[in-house]
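What follows is one structure encoded as structure tokens, with my remarks underneath.
So that the names make sense, note that chain A is the first sequence line, chain B the second, and so on, each numbered from 1.
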Amino acid sequence: MAMTKRQQKAALGPYGKLGQTINELDERLGIAKGGRTFMDKIFPDHWSFMLGEIALYSFVVLLATGIFLTLYFVPSGEMVTYKGAFAPLFGTKVSAAYASSVDLSLFVRGGLLMRQMHHWACDIFVGSIVVHMMRVFFTGAFRKPRETNWLVGVNLMILAIANGFLGYSLPDDLVSGTGLRIAYSIMESVPVVGTYLAFFVFGGNFPGTAWVPRFYMLHVLLIPALILGLLGGHLALLVRQKHTQFPGPGRSERNVVGSPMFPVFIFKTTGFLFIVAGVIALLGAFTQINPIWQFGQYEAARISYAVQPDWYMGFLDGFLRIMPSWEFVAFGHTIPLEVTIPAVVFPGILFNIIMVWPMIERKFTKDNDMHHLLERPRDNATRTALGASVFALVFMMFIASSTDVIANYLHTTLNSVLVAMRVLVAIAPFVTYPIAKRICIEMQNWEKAGARKTVNLVTRTADGEYVSVSAPEADDTHHEDEAIAVPTFLVEADSMSASTGVRTVER
Amino acid sequence: MANAHETETPVSITTARSDDPHMQPLAQNPARVEAVIAILFVLGLICFGLFGYAYWIIAKPWTLGATIGSGLFLIGVGMVAWGKYLMPRGPFVEERHALASTAAERDAMSDALQNRGVRLIGRRKALGGLLGGGLGVFGVVAAFPLLRSLGPLPKGTLFHTDWRKGSYVVDQSGRRVHQDDLLVGSIATVYPEGFQDTDNGQAVDQVVVIRISTTDVVTRKGRETWAPKGYVAYSKLCTHLGCPVGLYEQQLQTLVCPCHQSMFTVNDGAQQIFGPAPRPLPQLPLYIDAEGYLRSQSDFTEPVGPGFWERG
């Protein structure tokens with residue numbers, strides 16, 4: 001018997017078609033219980049928790065724009081005669097990689113935008129990872145139980161830096177080739193196995209052509225896959241362990257206070273994805289980055305002036321510049337310490353210390369408790385000062401990567417800039433540590449600033465002796481005296497009430 | 001700093017009723033916020049429409065990025081505002097569940113590992129050793145041949161270049177360099193004849209020739225015949241990291257590497273006088289043949305470029 005529309009609706013239950021769909025899905029996948037829990041998941045609100053989101057969303061932009069670029073880029077180092085539409089190159093010998101990079105920039109509609117967005121998204125990706133990591137470090141978010149996720153995060157940062165370098169090497173332009181030459185020499189500088197390392201990575205003596213497809217595979221497949229996997233693990237651990245939060249009203253080690261996943265957080269975070277993507281698109285539209293058609297094809301004997309790597313390589317380049325020439329030769333072997341120390345030993349030590357920092361800190365503090373509430377950086381002055389001094393060291397190295405530009409700009413000699421940078425890099429951490437620590441300790445009293453000081457009561461005894469005693473501690477409750485009657489002779493006649501003869505004074 | 005609502009006692013979203021004050025929007029005047037968000041969405045839509053126009057008609061890269069970037073940005077701001085001002089203002093609270101299992105559950109896992117694992121597997125030590133050894137050998141035989149195939153062994157390739165006794169000095173285009181080609185104070189990047197036919201010729205063999213005089217020049221003791229008629233030749237590969245030492249400061253008679261600013265003197269054997277480079281640039285011994293062409297007396301007398309383990 002045919003049902004009326006109303007009967008049909010009633011048969012579907014109170015939630016109608018939506019309810020039916022959920023029923024069907026739940027019978028097969030068992031999603032209802034976990035799904036509801038996930039919708040109710042609470043995300044604490046604090047601006048600093050958006051830094052990781054910037055990283056995540058710039059990675060989304062990287063994937064989207066990167067897929068576009070793979071459609072046009074030719075991963076081959078083979079030298080071809082350029083027959084494309086870019087007149088200055090016509091008829092010259094260029095690599096297929098360079099030719100396709102130029103053509104996709106200039107002649108594929110939207111190609112330049114996509115390439116510039118890809119490059120900007122990468123710089124923002126690495127940058128937001130570093131700032132996010134500093135947030136986690138300075139607020140103690142890496143403490144138990146989150147050491148594993150810290151480890152995953154540090155590895156994500158290293159992979160991001162590595163893939164950034166591979167990515168800007170691929171167009172095979174003059175600047176990227178110079179970077180590759182330096183990378184090759186750094187590999188050569190590794191003791192014992194260095195030359196083998198360089199020969200195996202590049203498939204022979206520099207430059208060869210084998211590196212293009214190899215680096216391409218690493219850049220578009222292997223490292224993105226590793227990043228995706230680790231990113232999944234990073235987020236899964238975050239969901240499993242729940243977020244940290246700053247202390248505040250109603251917040252404790254046992255709860256999380258904030259906005260629910262559905263619908264508040266999902267709207268805010270999806271909107272934020274669009275904002276990040278929009279800003280990257282605007283940067284790609286209006287801010288030129290890496291104009292490879294101006295640099296020209298890489299040729300081993302050509303070089304440009306005032307060339308710097310992308311920002312995240314700056315600290316390595318700066319250290320390479322200021323390192324004294326301490327080549328070590330003994331027993332028939334050479335260790336070019338002026339390369340090995342800044343480019344192999346230093347980053348190795350730095351990244352490893354960062355990786356195991358949670359364990360180091362636990363060793364010193366003997367703190368084995370669970371921590372879900374964050375610390376304000378000032379409340380852990382020692383850690384903050386240590387982090388600040390490492391930051392100062394690396395930042396000064398970063399500045400040192402533009403010694404030539406600084407010397408030009410200040411109209412001074414390269415020599416004085418170099419010596420100044422050597423001194424600054426050497427002393428930066430030691431100057432920063434006590435200053436940062438002092439600022440932290442001063443700031444710990446920030447909340448008490450402006451509070452009433454203890455008052456000294458001075459009284460005069462009958463003998464004429466003055467005695468000073470400190471008054472009882474002023475408490476926060478504001479005390480107001482009763483209104484005092486003012487003698488009439490002190491007040492002008494017209495402002496006084498004739499009936500009472502007194503005037504009350506308001507405070 | 002803190003909004004008034006943040007100081008309220010948080011409640012659980014799971015149990016909050018729709019008339020709970022926590023479920024009310026943060027906006028004082030939701031209708032006005034809604035209007036602003038609507039404007040943002042409409043502007044965003046217009047931007048996306050303009051993107052289509054920019055793509056088909058204008059096709060300049062910046063117009064594509066400006067339209068789609070503005071559109072995404074506007075839509076994004078609207079969504080964030082919707083989430084922040086028009087949705088339940090909270091604050092909401094969720095209890096943390098303990099990550100750790102109970103002691104009994106942990107013991108059960110340890111017990112299972114111990115009984116089924118350590119006892120069952122561990123007692124057959126010989127078998128375990130054979131299995132581990134087998135897998136280890138597999139790892140070695142799988143990894144090493146794969147690694148080995150990645151590239152040729154360095155052998156002696158880093159110790160010599162394509163410069164030979166009697167190699168003609170040629171420029172980038174392969175033209176031989178004659179003794180009358182360079183004026184005093186001029187510089188040229190040169191290669192041994194036939195460098196184009198080798199895989200890495202340009203990278204390894206690159207040499208700077210500078211004419212610093214019209215008479216023979218002695219840069220170092222033992223190099224009396226190396227710089228005929230003022231032609232000195234040095235490897236162009238920086239001894240620091242292998243960048244081409246491409247800047248010639250004529251007034252100071254120095255060569256500068258643009259990568260890390262190592263400086264080398266031109267007059268006395270490319271001694272390093274500044275920067276991180278550890279060694280002078282190797283000098284190429286030249287001679288001028290009967291027809292007046294520049295030629296090399298031999299290969300470099302030491303390896304060119306940056307340092308490496310086997311260099312000695």
Would you list the atom pairs, donor with acceptor, under 3.5 Å between side chains in residues 188-196 of chain A and any protein atom, with sequence neighbours excluded?
| residue | atom | partner | partner atom | Å |
| --- | --- | --- | --- | --- |
| A/Ser189 | OG | A/Ile186 | O | 2.7 |
| A/Thr195 | OG1 | B/Glu310 | OE1 | 3.2 |
| A/Thr195 | OG1 | B/Glu310 | OE2 | 2.9 |

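With B/Arg148 contributing its side chain and A/Phe200 its backbone, the two residues share no donor-acceptor pair below 3.5 Å. Panel note: side chain B/Glu95, backbone A/Asn255; no donor-acceptor pair is recorded below 3.5 Å.
Contact annotation: the side chain of B/Cys243 approaches that of A/Ile182 to within less than 4.5 Å [non-hydrogen atoms, C-beta and beyond]. When side chains are defined from C-beta on, B/Val93 does not count as touching A/Val256, because their heavy atoms never get closer than 4.5 Å. Residues A/Lys242 and B/Leu99 are not in side-chain contact: their nearest non-hydrogen atoms beyond the backbone lie 4.5 Å or more apart. B/Phe73 is not listed as a side-chain neighbour of A/Val276, based on a closest heavy-atom distance of 4.5 Å or more. Looking at A/Leu414 and B/Phe274, their side chains come closer than 4.5 Å, going by heavy atoms from C-beta outward. At a threshold of 4.5 Å between non-hydrogen side-chain atoms, the residues A/Met39 and B/Ile13 do not count as touching. Proximity of A/Val339 to B/Leu241: side-chain heavy atoms (C-beta onward) are separated by under 4.5 Å at one or more points. A heavy-atom distance below 4.5 Å is not found between the side chains of A/Ile275 and B/Leu72.
Atom CZ of A/Phe328 has 12 or fewer heavy atoms from other residues, nucleotides or ligands within 6.0 Å. With a 6.0 Å radius and a threshold of 12 heavy atoms from other residues, nucleotides or ligands, A/Phe262 has its CZ atom at or below the threshold. Annotation for B/Glu34: atom CD does not count as buried by contact number, only 12 or fewer foreign heavy atoms lying within 6.0 Å.
Proximity to chain A is limited to the side chain of B/Leu247, based on heavy atoms less than 4.5 angstrom apart. If you measure heavy-atom distances from B/Leu237 to chain A, the contacts under 4.5 Å come from the side chain alone. Residue contact with chain B, scored on non-hydrogen atoms closer than 4.5 Å, involves the backbone of A/Glu253 exclusively. Neither the backbone nor the side chain of A/His46 has a heavy atom closer than 4.5 Å to any heavy atom of chain B. In this structure, chain B has heavy atoms under 4.5 Å from both the backbone and the side chain of A/Arg240. Contact annotation for B/Ala277: only backbone heavy atoms (N, CA, C, O) come within less than 4.5 Å of a heavy atom of chain A. Both the backbone and the side chain of A/Val264 come within contact range of chain B, judged by heavy atoms closer than 4.5 Å. For B/Ser70, the parts lying near chain A are the backbone and the side chain together; criterion is any non-hydrogen pair under 4.5 Å. The contact between A/Gln241 and chain B is made by backbone and side chain atoms together, counting heavy-atom distances below 4.5 Å. For A/Phe286, the part sitting under 4.5 Å from any heavy atom of chain B is the side chain, from C-beta outward, and nothing else. Neither the backbone nor the side chain of B/Val256 comes within contact range of chain A; no heavy atoms are under 4.5 Å apart. Of the two parts of B/Tyr191, only the side chain, counted from C-beta on, holds a non-hydrogen atom closer than 4.5 Å to a non-hydrogen atom of chain A. Residue B/Pro152 touches chain A through both its backbone and its side chain, counting heavy-atom pairs closer than 4.5 Å. Only the backbone of A/Ser304 comes within contact range of chain B, with heavy atoms under 4.5 Å apart. Only the side chain of A/Leu418 comes within contact range of chain B, judged by heavy atoms closer than 4.5 Å. If you measure heavy-atom distances from A/Val329 to chain B, the contacts under 4.5 Å come from the side chain alone.
Remark: the A/Asp404 side chain and the B/Gln261 side chain contain an N/O donor-acceptor pair separated by less than 3.5 Å. Side-chain N/O atoms of A/Asp40 and B/Thr14 include a donor and acceptor closer than 3.5 Å.
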Run B/Thr189 and A/Arg302 through side chain to side chain contact (heavy atoms under 4.5 Å, CB included) and show every step you take. CA-CA 9 Å; B/Thr189 300; A/Arg302 297 228 165 115; over 6 Å; no

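With respect to chain A, the highest number of heavy-atom pairs below 4.5 Å among B/Gly246, B/Ser262, B/Cys238, B/Gly242 belongs to B/Gly242. Per-residue counts of heavy-atom pairs under 4.5 Å with chain A were compared for B/Cys257, B/Cys259, B/Pro61, B/Pro276; the largest is that of B/Pro276. Annotation: maximal heavy-atom pairing with chain A below 4.5 Å, among B/Glu94, B/Met87, B/His260, occurs at B/Glu94. Heavy-atom pairs under 4.5 Å with chain A peak, among B/His97, B/Arg96, B/Met79, at B/Arg96.
Applying the side chain to side chain donor-acceptor pair (under 3.5 Å) rule to B/Ser149 yields no partners; only residues at least two apart in sequence or on another chain are considered.
Salt bridge B/Arg279/A/Glu327: present, at least one basic N to carboxylate O contact under 4.0 Å.
Relative ring orientation between A/His333 and B/Trp309 is described as parallel, the plane-to-plane angle staying below 30° on a 0-90° scale split at 30° and 60°.
Nearest heavy atoms, A/Leu282 versus B/Gly65: CD2-O, 4.0 Å.
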